[in-house]
Enquirer: 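A single structure is presented below for examination.
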There are 2 protein chains.
Amino acid sequence: MKYIDKLRNSGLRPTKQRLQICEVLFDTEKTFHFTINELDQKIKDKIDNKISLATIYNTVHAFEKKGYLKQIPINSNQTYFDTNVTDHHHFYDLKTEELIDLENSDVGPINIKRKINGKKIKSVEVLVKLED
Amino acid sequence: MKYIDKLRNSGLRPTKQRLQICEVLFDTEKTFHFTINELDQKIKDKIDNKISLATIYNTVHAFEKKGYLKQIPINSNQTYFDTNVTDHHHFYDLKTEELIDLENSDVGPINIKRKINGKKIKSVEVLVKLED
DNA sequence: ACACTTATTTAGAATCATTATAAAGTAGTT
DNA sequence: AACTACTTTATAATGATTCTAAATAAGTGT
């Protein structure tokens, strides 16, 4: 199966539920953003059986930890995830609450001049808020 | 009184509680980051009477709407606010969960090349995640 | 295939930040 | 002082996320 390695790599046994979650997350042409509730809905739409929220949370968090998913830093009551794990940034439309990907090439190079002793930079993320 | 204008400007009547909140927020040399719970604690430390959480939320949100406070876009279970409302960015130490201000001069100019029709950029915020 | 150990799924409960409610109090106005 | 509109407050409601413990499934050795 296609996603067994991804699961094992994340420390998870490949179960029916997890493979179904993988299909919804990774079996798509384009990457996308989602909240847990949206993912739950997508899963319900795609397959007939429902998967419990606890399992969805568990699986998504394992993938996030392993870098197969990214959290998008944004203040919202729900956590947003991104299946696009390449370096990239976001527009956030304050009115519609919509998140839009910025390609890395849409943003000029970012130069962080300050260093913190003993720490290294893991990621640099830009959030561009849009208004009308 | 020092903060009456700020309050009126935010559409709030100057009450004892709100003036006390202002003192904790704005009567400091340095700007700082806080969650609502941390602010509640600071207020308890500084004054003897306690202010109800509802009032704190209400006041902080009015200030945020008016631009006297900023929300920091970060994924956390609690919302982080910043009394530094100038354009600036943040380091976030993943291990200690500490937020550190980056001066605007610490980050080179950021060039957003893409435009969205009918929308304008309200803010550009960079979050630099740090690891060991 | 069977028995055994360990991980997983699940529904439901628990937690915790935030928001809503509605009664009692306060500010601003006349 | 009287009146109206806004505030404060304790408490309840909400809603996302995490926890729990019992039932189920996966992996392993025989």
Side-chain angles (χ1 to χ4, degrees), chain A residues 1 3-25 33-44 47-66 69 71-81 97 99, chain B residues 1 3-25 33-44 47-66 69 71-81 97 99:
Chain A
M1 296 275 247
Y3 300 113
I4 290 184
D5 291 346
K6 215 161 211 170
L7 285 164
R8 289 234 185 270
N9 216 287
S10 308
L12 300 176
R13 287 184 179 172
T15 63
K16 175 162 64 83
Q17 289 87 340
R18 287 173 179 160
L19 288 165
Q20 289 175 326
I21 293 172
C22 283
E23 278 174 34
V24 175
L25 287 178
H33 308 134
F34 65 92
T35 63
I36 295 291
N37 283 327
E38 287 165 358
L39 179 57
D40 186 38
Q41 196 50 58
K42 270 198 162 184
I43 291 167
K44 279 183 197 134
I47 65 181
D48 45 356
N49 60 321
K50 116 180 239 329
I51 298 178
S52 108
L53 272 180
T55 300
I56 298 176
Y57 272 102
N58 161 348
T59 306
V60 165
H61 284 145
F63 282 150
E64 198 253 330
K65 199 161 177 186
K66 205 59 192 181
L69 291 174
Q71 262 191 263
I72 301 173
I74 197 178
N75 281 114
S76 164
N77 53 330
Q78 288 178 87
T79 303
Y80 274 82
F81 293 91
E97 296 189 333
L99 266 173
Chain B
M1 296 277 246
Y3 300 113
I4 291 184
D5 291 346
K6 216 161 209 170
L7 285 164
R8 289 234 187 270
N9 217 289
S10 307
L12 300 176
R13 287 185 179 170
T15 62
K16 176 162 65 84
Q17 290 86 341
R18 286 174 180 160
L19 287 166
Q20 289 176 326
I21 293 172
C22 283
E23 278 174 35
V24 175
L25 287 178
H33 308 133
F34 65 93
T35 62
I36 295 291
N37 283 326
E38 287 165 359
L39 178 57
D40 185 38
Q41 196 51 59
K42 271 197 163 187
I43 291 168
K44 278 183 199 135
I47 64 181
D48 43 357
N49 60 320
K50 113 180 241 329
I51 298 178
S52 107
L53 271 180
T55 300
I56 298 176
Y57 272 103
N58 163 347
T59 306
V60 165
H61 284 144
F63 283 148
E64 197 252 330
K65 200 164 178 183
K66 205 60 191 181
L69 291 174
Q71 261 190 262
I72 302 172
I74 196 179
N75 282 113
S76 163
N77 51 331
Q78 289 179 86
T79 302
Y80 273 82
F81 293 91
E97 296 189 334
L99 265 173

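All chains are named by letter (A, B, ...) in the order of the sequence lines, taking the proteins before the strands, and each is independently numbered beginning at 1.
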Enquirer: Can you measure B:Ile56 atom CD1 to D:dT7 atom P for me and round it to whole angstrom units?
Expert: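 In whole Å, D:dT7 P and B:Ile56 CD1 are 16 Å from each other.
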
Enquirer: Just how far is it from atom CD1 of A:Ile74 to atom CD1 of B:Ile74, taken to the nearest 0.5 Å?
Expert: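 The CD1 atom of B:Ile74 is 13.0 Å from CD1 of A:Ile74, to the nearest 0.5 Å.
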
Enquirer: Quick one: NZ on A:Lys50 to CG on A:Leu53, what's the gap to the nearest 0.5 Å?
Expert: 5.5 Å

Enquirer: Can you list the steps and then say if B:Leu69 with B:Phe34 is a side-chain contact (heavy atoms from CB on, under 4.5 Å)?
Expert: CA-CA 11 Å; B:Leu69 291 174; B:Phe34 65 93; 4.0 Å; yes

Enquirer: By the 4.0 Å heavy-atom rule, please label A:Thr35 as base, sugar-phosphate, or nothing.
Expert: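 It contacts nothing in the nucleic acid.
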
Enquirer: Round to the nearest Å and state the distance from B:Leu12 atom CG to D:dA5 atom C1'.
Expert: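 It works out to 14 Å between those atoms.
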
Enquirer: Rounded to the nearest Å, what distance is computed from the CG atom of residue A:Leu53 to the P atom of nucleotide D:dT20?
Expert: 18 Å

Enquirer: Are any of A:Tyr57's side-chain N or O atoms less than 4.0 Å away from OP1 or OP2 of D:dT18?
Expert: no

Enquirer: Students should find this one: the first and last nucleotides of DNA chain C, 5' to 3', lying under 4.0 Å from a heavy atom of chain B. What are they?
Expert: C:dA17 to C:dG28

Enquirer: Could you give the NZ-to-P distance, from B:Lys50 to D:dT11, as a whole number of Å?
Expert: 10 Å

Enquirer: From A:Phe81 CZ over to A:Leu25 CG, what is the distance, rounded to the nearest 0.5 angstrom?
Expert: 10.0 Å

Enquirer: So which atom in B:Ile21 and which in B:Ile51 form the shortest heavy-atom distance, rounded to 0.1 Å?
Expert: CG1-CD1, 3.9 Å

Enquirer: For each nucleotide in nucleotides 25-30 of chain D, reading 5' to 3', give B when a protein heavy atom comes within less than 4.0 Å of its base, S when such contact involves only the sugar-phosphate, and - otherwise.
Expert: -BS---

Enquirer: Would you mind reading off the bend of the helix from C:dA1-D:dT30 to C:dT30-D:dA1 from its two end axes, five pairs each, to 10 degrees?
Expert: 30°

Enquirer: Each nucleotide N or O in nucleotides 12-15 of chain D that has a protein N or O under 3.5 Å away: list the pair and distance.
Expert:
none

Enquirer: Let me confirm one number: the CG-NE2 distance from B:Leu99 to B:His33, rounded to the nearest 0.5 Å.
Expert: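 Answer rounded to 0.5 Å: 5.5 Å.
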
Enquirer: Can you tell me how far the CD atom of B:Glu23 sits from the CD1 atom of B:Ile47, to the nearest 0.5 Å?
Expert: 8.0 Å

Enquirer: Identify every side-chain donor-acceptor pair in residues 35-44 of chain B under 3.5 Å, counting partners at least two apart or on other chains, and give the distances.
Expert:
residue: B:Thr35; atom: OG1; partner: B:Glu38; partner atom: N; Å: 3.1
residue: B:Asn37; atom: ND2; partner: B:Gln78; partner atom: OE1; Å: 3.1
residue: B:Glu38; atom: OE1; partner: B:Thr35; partner atom: N; Å: 3.1
residue: B:Asp40; atom: OD2; partner: B:Lys44; partner atom: NZ; Å: 3.1
residue: B:Gln41; atom: NE2; partner: B:Asp45; partner atom: OD1; Å: 3.3

Enquirer: With a cut-off of 3.5 Å and sequence neighbours excluded, list every side-chain donor-acceptor pair involving residues 6-18 of chain A.
Expert:
residue: A:Ser10; atom: OG; partner: A:Lys6; partner atom: O; Å: 2.7
residue: A:Thr15; atom: OG1; partner: A:Arg18; partner atom: N; Å: 3.3
residue: A:Arg18; atom: NH1; partner: A:Arg13; partner atom: O; Å: 3.0

Enquirer: Which heavy atom in B:Leu19 sits nearest to a heavy atom in B:Tyr3, and how many Å separate them?
Expert: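 Smallest interatomic distance, heavy atoms only, reads CD2-CB, 4.0 Å.
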
Enquirer: Restricting to non-hydrogen atoms, name the atom on A:Glu97 and the atom on A:Tyr80 that form the minimum distance, rounded to 0.1 Å.
Expert: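 Scanning both residues, the minimum pair turns out to be O-OH, 4.3 Å.
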
